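FYI, the numbering just counts along the sequence from 1. Computed from a predicted model, the values in this text were never measured in an experiment. Indexing begins at 1, ligand by ligand and atom by atom, following the structure's order.
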Amino acid sequence: MMQRRTFLRTMVPAVAAAQYALGQSDSPWGGPVLDTHLHLRANADACYTHMQGCGVSHAVLLTPAADQDRAKAEMEKRPGHFVRSVRIDPAAADSTEVLRSAIKNGAVSIGELKFHLALDSHEMQKVYDLAADLHVPVMMHIQVFPHFAGEMPYNTGYTQFDKMLRAHPRTNFIGHGDLFWAHISADVPTDRGYPPGPIKKGGLTDRWLSDFPNLYADMSANSGNNALSRDPEFTPGFITRHKDKLIFGSDCSCADGKGSGISQNNNPEATRLSGKCVARETLTVLKGAASPQIFRAITFENGVKLFKVPTT
Ligand SMILES: [Zn+2]
Ligand SMILES: [Zn+2]
């Protein structure tokens with residue numbers, strides 16, 4: 001026991017202590033799990049119900065600026081399980097002040113930003129600078145192929161995103177969404193959101209995760225699950241290569257953490273996960289493809305560090 005405790009403390013002191021306190025045997029995943037992509041739900045405690053159903057111990061509640069007080073109430077009801085983000089359309093006239101004030105009041109991140117702006121727009125760059133100044137990460141939903149007729153693209157210009165990664169070295173960026181994950185492969189079709197099949201080496205997302213210390217990857221939703229599942233020979237190497245940059249999140253909308261209710265609604269291309277809990281599915285893929293140590297990093301330690309989640 002002494003040896004194990006010494007080893008863990010050397011690795012990541014605060015996280016190791018929290019894991020030890022929580023008792024790893026209580027979790028179906030062998031330790032605490034942080035879901036960094038859980039949208040605040042309309043009904044009180046519905047987020048916590050989902051977490052209990054899928055074995056998640058901690059979560060970042062993705063919260064619009066207008067719902068900060070409601071998220072705070074959820075956090076107070078279940079102390080020690082939640083932190084919250086803040087989001088507002090960066091094109092809103094008072095966006096900088098709204099974000100700044102929510103972060104001063106306890107929000108730990110900005111996101112998810114899912115608006116019809118270019119990644120290199122003035123509005124987005126103002127957010128990147130604010131995130132750097134306030135030491136919080138910023139997460140973007142990157143998608144151009146529509147889920148339904150008439151859906152407009154979000155956060156366009158991904159193929160030139162390296163310019164932003166270079167121009168804002170103090171900003172911690174978290175990529176998420178269909179196109180971010182389609183670029184795990186060098187071959188990106190334009191007629192679908194979730195390309196299946198073998199991955200061609202040299203994809204932009206794979207390269208940039210290696211090249212830029214300030215880029216992280218949110219593995220949530222069908223997009224993250226699909227990228228990890230489509231080429232089982234590619235996945236273990238990708239996970240090992242980016243073990244410090246991958247962050248587990250679910251973006252699941254099932255009711256009970258077991259797949260009931262509407263999941264992946266309004267997105268016919270994502271039916272492969274209908275009736276399933278995305279959190280459980282992605283944790284299962286990760287469990288199969290990562291060593292226990294890397295699984296723990298991706299599902300807990302990396303997110304705790306990046307979002308500064310208190311775990312004591
Ligand atoms: Zn999203
Ligand atoms: Zn679920």
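Results of the side chain to side chain contact (heavy atoms under 4.5 Å, CB included) test with Phe173 over Tyr216, Phe212, Phe161 single out Phe161 as the only residue that passes. Just one residue in the list Lys245, Arg241, Lys201, Lys200 forms a salt bridge (charged side-chain N to carboxylate O under 4.0 Å, His left out) with Asp206, and that residue is Arg241.
Salt bridge Glu97/Arg100: present, at least one basic N to carboxylate O contact under 4.0 Å.
Within the sub-2.8 Å shell of the Zn ion (ligand 2), the protein contributes these N/O/S atoms: His50 NE2, Cys252 SG, Cys254 SG, Cys277 SG. For a distance threshold of 2.8 Å, the protein N, O or S atoms nearer than that to the Zn ion (ligand 1), listed by chain and number, are Glu112 OE1, His141 ND1, His176 NE2.
In this model, a donor atom of one side chain and an acceptor atom of the other lie less than 3.5 Å apart for Asp256 and Ser260. In this model, a donor atom of one side chain and an acceptor atom of the other lie less than 3.5 Å apart for Asp218 and Ser220.
The salt bridge (charged side-chain N to carboxylate O under 4.0 Å, His left out) pairs that include a residue from residues 153-180 are Asp133-Arg170, Asp162-Arg166, where partners are two or more places apart or lie in different chains.
Separation of the His141 and Phe115 ring centroids does not fall under the 6.0 Å cut-off.
Leu40 places a side-chain heavy atom less than 4.5 Å from the side chain of Arg70.
Residues meeting the side chain to side chain contact (heavy atoms under 4.5 Å, CB included) test with Ser85, sequence neighbours left out: Val60, Leu62, Ser109.
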